[in-house]
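First up is the structure itself, then whatever we jot down about it.
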Amino acid sequence: MKKIEKDSKKNIEIMKLAIGNSPDFATRTIKIGNKQISYVYFESVSSDDKISDFIMKSITNDAKSNKDTNFTNLFARLENTIPNSKLTTADDFDSIFYYLSSGFTCIFVDGSNKAIILETRTQLDRGVTESSSEPVIRGPKDSFTENHNMNLGLIRKRIKDPNLWFEELTIGRRSKTKVAIAYIKDIAELKRVHKIEQMLKNIDIDAILDSGYIRKFLEGNMRSTFPQIITTEKPDMVCGELLDGKIAIIVENTPFVLIMPATLVNFLHAPTDYYEKASNVTFSRILRTLAFFITIITPALYIALTTFNHELIPDEFLISIAMQQQGVPFPTVLEILLFGITFEVLRESDLRAPSAAGTAMSIVGALVLGDAAVSAGVVSPIVVIIVAVTSICEMAFSDIDMINALRSWKIIFIFTSMFMGLIGFLVAMLILIIKLVSLETLDVPYLIPFSPFDFNAWKDTIIKLPINKLTKRPRYLTDKNRTRLKEDNK
């Protein structure tokens with residue numbers, strides 16, 4: 001950590017040598033009396049207009065009024081004349097480079113081993129827009145952006161409470177990324193906040209470029225395909241979870257915020273569930289729950305019954321299946337795997353292709369390939385139906401990690417059923433249940449309120465009661481300040 005020299009020209013030479021004469025590194029030197037004042041900034045992240053309109057005018061005015069300019073006088077004048085809340089000092093080059101990369105301008109004054117730091121950053125990120133990964137029909141349309149302060153503001157404007165606290169850390173030896181922990185002090189369990197803070201402090205990595213970089217560090221050693229952290233672009237969803245007693249992690253330069261702790265039930269919910277009628281939301285959540293099981297078990301169950309356990313299929317249906325499979329050269333398992341992979345490739349191409357072409361391509365591809373495969377005798381019609389239904393049920397979930405988890409377990413079920421039939425299917429189901437029961441995040445069981453059973457938490461799980469009935473916060477999240485609605489307001 002090299003300290004700043006008292007010679008401003010020497011400081012500039014040291015910085016040029018350190019960054020290799022970068023083309024966006026701008027410098028200017030002004031002589032006032034017998035002293036030199038130099039300021040430096042990165043043109044790529046700073047605003048030239050702010051620098052010329054505010055800093056230059058203030059320095060030249062100071063030169064006219066006071067020939068004997070020193071560090072203290074200049075700092076006092078800038079503090080009183082520039083309407084900028086971010087004005088500070090630095091005495092080492094590590095801090096200088098951090099501020100320069102963040103869009104600040106650094107001013108050196110001969111005879112002082114400190115630099116004046118002013119914020120002059122330019123707008124490099126998009127404004128607040130609608131979420132692309134979590135579209136809503138009813139409810140707030142705004143979403144988080146890559147601007148860290150803007151993300152904090154989107155939360156602050158919804159919860160105007162002094163108990164809304166943000167703890168900020170800097171992670172990444174090279175990126176020096178800001179990471180904020182958001183929680184409501186008189187609701188959240190502080191031991192969980194401290195645990196998250198300690199896990200973040202233990203991260204030693206070159207750079208944090210997205211919130212996905214720190215997910216594995218927060219999940220710890222729990223190996224599971226199921227997501228244990230909620231990822232969202234929606235500020236209203238984050239605020240709702242904070243009010244329940246959860247903790248949010250906001251990472252600079254990414255619109256995706258992490259929420260902990262997470263349970264399986266959270267991934268059966270949608271951000272719009274709290275803006276619609278409770279009866280409609282309950283129906284939607286039941287559909288998502290059915291989609292969860294259909295995605296995992298349907299192909300495996302079909303393989304087990306048609307390959308090993310024919311006696312469990314009604315005779316008429318068994319005859320229909322046998323007629324459909326006449327002329328198909330592949331066994332049932334290979335049919336499902338081949339056509340399932342085809343659907344996954346179509347889905348992947350839909351995600352990567354431009355939005356205007358992607359949807360049309362996937363629809364046409366699915367229709368043409370499905371019809372052609374059946375006509376050519378490559379697969380049977382019922383396999384096309386099973387794979388299509390399974391793929392559609394996957395899309396009932398917006399979280400990509402949950403979709404990938406369902407896909408992984410679907411394959412596990414297929415292979416166990418392929419070797420052992422219905423017994424293998426039941427073994428895979430038992431393994432799945434054991435795995436889900438054993439998971440926990442920040443000491444919160446993953447299957448709560450199913451296991452352990454929590455009657456009060458059932459009011460907002462698969463069944464959704466009206467908002468005026470949800471008077472208490474979940475006990476498994478917090479024991480503090482649990483009343484969210486007074487009884488006489490119901």
Side-chain angles (χ1 to χ4, degrees), residues 126-147 150-161 164 182 184 187 227 229-246 248 250 254-259 262-292 295 350-351 355-356 358-359 363 392-403 457-474 477 484-486 489-490:
R126 59 191 172 93
V128 178
T129 57
E130 189 172 347
S131 172
S132 58
S133 62
E134 298 170 277
V136 297
I137 299 173
R138 177 182 295 175
K141 301 284 186 180
D142 57 345
S143 64
F144 289 116
T145 71
E146 290 76 14
N147 188 306
M150 190 178 293
N151 290 343
L152 301 185
L154 289 171
I155 297 174
R156 178 76 72 183
K157 78 170 187 176
R158 286 177 165 85
I159 304 178
K160 302 177 180 67
D161 186 344
L164 173 62
I184 300 179
I187 296 178
I229 300 174
I230 303 169
T231 306
T232 183
E233 282 187 286
K234 299 290 294 172
D236 55 311
M237 180 177 175
V238 171
C239 292
E241 301 290 0
L242 290 177
L243 290 168
D244 274 346
K246 293 186 180 181
I250 304 122
T254 176
F256 293 98
V257 172
L258 308 179
I259 303 172
T263 63
L264 180 63
V265 168
N266 294 134
F267 299 98
L268 302 177
H269 296 179
T272 57
D273 286 356
Y274 298 93
Y275 312 132
E276 301 174 7
K277 287 188 66 174
S279 56
N280 296 336
V281 171
T282 299
F283 180 70
S284 297
R285 289 182 179 178
I286 291 172
L287 288 180
R288 291 184 206 121
T289 306
L290 289 174
F292 177 89
T295 301
D350 189 14
L351 292 173
S355 57
T359 305
I363 292 173
I392 290 169
C393 287
E394 281 183 13
M395 306 315 295
F397 303 92
S398 60
D399 192 289
I400 190 66
D401 293 308
M402 176 56 76
I403 293 173
W458 269 87
K459 296 178 181 179
D460 189 19
T461 51
I462 297 174
I463 298 170
K464 166 72 166 59
L465 294 186
I467 195 70
N468 62 331
K469 301 292 185 182
L470 303 176
T471 59
K472 301 288 185 183
R473 294 183 177 86
L477 289 176
R484 59 153 69 99
L485 176 69
K486 290 184 179 179
N489 288 336
K490 292 194 296 180

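The chain is numbered in sequence order, starting from 1. Keep in mind it's a predicted model, so treat the numbers as computed, not measured.
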Non-hydrogen side-chain atoms of Met237 and Val136 separated by less than 4.5 Å: no
Which residues share a salt bridge (charged side-chain N to carboxylate O under 4.0 Å, His left out) with Arg288, sequence neighbours left out: Asp273
Modelled atom types, side-chain donor and acceptor of Tyr275 and Asp236, under 3.5 Å: yes
Atom of Ala248, atom of Leu242 and distance for their closest heavy-atom approach: N-CD2, 3.8 Å
Smallest separation among heavy atoms of Cys393 and Thr295, with atom names: CB-OG1, 3.2 Å
Euclidean distance, Glu394 CD relative to Ile400 CD1, rounded to 0.5 Å: 9.0 Å
Any Ile137 side-chain heavy atom under 4.5 Å of Thr272 side chain: no
Side chain to side chain, Pro235 and Lys157, heavy atoms closer than 4.5 Å: no
Leu264 side chain near Met402 side chain, heavy-atom distance below 4.5 Å: yes
Pairs flagged by salt bridge (charged side-chain N to carboxylate O under 4.0 Å, His left out) wherever residues 274-284 is involved - sequence neighbours left out: none
Backbone of Glu233 reached by a side-chain donor or acceptor of Glu134 within 3.5 Å: yes
CD1 on Ile250 to CD1 on Ile155, rounded to 0.5 Å: 4.0 Å
CZ on Phe256 to CG on Asn151, rounded to 0.5 Å: 11.5 Å
Exam field: side chain Asp244 to backbone Lys246, donor-acceptor pair closer than 3.5 Å: no
Partners passing salt bridge (charged side-chain N to carboxylate O under 4.0 Å, His left out) against Lys464 (at least two apart in sequence or in another chain): none
Closest approach of Ile159 to Ile184 (non-hydrogen atoms, all atoms of both residues): CD1-CD1, 4.1 Å
N-O pairing of Asp460 and Lys472 below 4.0 Å: no
Closest non-hydrogen atom pair, Pro255 against Glu146: CD-OE2, 3.6 Å
Side chain Arg473, main chain Leu243, donor-acceptor under 3.5 Å: yes
Rounded distance (nearest 0.5 Å) linking atom CG of Leu268 with atom CG of Leu290: 10.5 Å
Chi angles and distances behind the side chain to side chain contact (heavy atoms under 4.5 Å, CB included) call for Ile462, Val265: CA-CA 7 Å; Ile462 297 174; Val265 168; 5.7 Å; no
Nearest-0.5 Å distance, CG of residue Asn147 to CG of residue Leu154: 9.0 Å
From OG1 (Thr282) to CZ (Arg285), nearest 0.5 Å: 7.0 Å
Heavy-atom pair of closest approach, residues Phe144 and Thr232: CD1-O, 4.2 Å
Test item: Arg156 side-chain N/O and Leu164 main-chain N/O as donor-acceptor pair under 3.5 Å: yes
Test item: Phe292 and Phe267 side chains (from C-beta on) under 4.5 Å apart, heavy atoms: no
